[in-house]
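Structure record follows, encoded as structure tokens.
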Amino acid sequence: QNFNASRYLGVWYELYRFKSSPFESNSTCDRANYTLNAEKPGHIVVVNSAREGGPSGKYIAFVGDAYIPDPSQPAKLLVRFPQTPFPYVL
């Protein structure tokens with residue numbers, strides 16, 4: 001109930017990989033950058049980026065939008081990428 005999303009803003013690096021994720025299937029140096037969305041109060045811009053095929057590979061990134069759909073559960077966000085929305089629990 002005392003969840004503060006701003007404490008999680010910034011760059012996060014991958015420590016574990018879900019093999020079913022198409023974004024991560026052939027990438028390295030994966031990271032996510034979370035910033036407040038100045039145009040949409042209460043929303044967080046999510047930029048997932050990586051190098052395709054190896055550390056010197058092509059830079060790839062997907063930009064998404066995260067928000068809290070249910071204020072009674074502030075640590076459960078919904079992240080929408082152009083491909084599909086999925087639940088995300090912090």
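For the single chain, residues carry numbers from 1 onward in sequence order. Hydrogens, waters and symmetry mates play no part in the numbers below; they use all other heavy atoms, side chains included.
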(request) Kindly give the heavy-atom pair with the smallest separation between Arg31 and Val11, and that separation in Å. (result) CD-CG1, 4.0 Å
(request) Report the residues that fulfil side chain to side chain contact (heavy atoms under 4.5 Å, CB included) with Pro69, sequence neighbours left out, ordered by chain and then residue number. (result) Tyr67, Leu78
(message) Let me check something: do Trp12 and Val46 share a hydrophobic cluster, defined by ILVMFWY side-chain heavy atoms less than 4.5 Å apart, either directly or through other members?
(response) yes
(message) Please enumerate all residues that pass side chain to side chain contact (heavy atoms under 4.5 Å, CB included) together with Ala32, with sequence neighbours excluded.
(response) Tyr34, Asn48
(request) Check which hydrophobic residues are tied to Tyr59 through side-chain heavy-atom contacts below 4.5 Å, counting indirect links as well, and list them. (result) none
(request) Mind checking the CG-CD1 spacing from Asp65 to Ile44? Nearest 0.5 Å is all I need. (result) 9.0 Å
(message) I need the single residue from Asn33, Thr35, Leu36, Val45 that forms a side-chain contact (heavy atoms from CB on, under 4.5 Å) with Leu9. Which is it?
(response) Leu36
(message) Tell me every residue that passes side chain to side chain contact (heavy atoms under 4.5 Å, CB included) with Pro41, counting only those two or more places apart in sequence or in another chain.
(response) none
(request) Sequence neighbours left out, what passes side chain to side chain donor-acceptor pair (under 3.5 Å) with Ser56? Give chain and number order. (result) none
(message) Within this structure, what is the CD1-NZ distance for the pair Ile68 and Lys76, rounded to the nearest 0.5 Å?
(response) 12.5 Å
(message) Check for me, please, whether Val47 and Leu77 land in the same ILVMFWY cluster - side-chain distances under 4.5 Å, paths through other members count.
(response) no
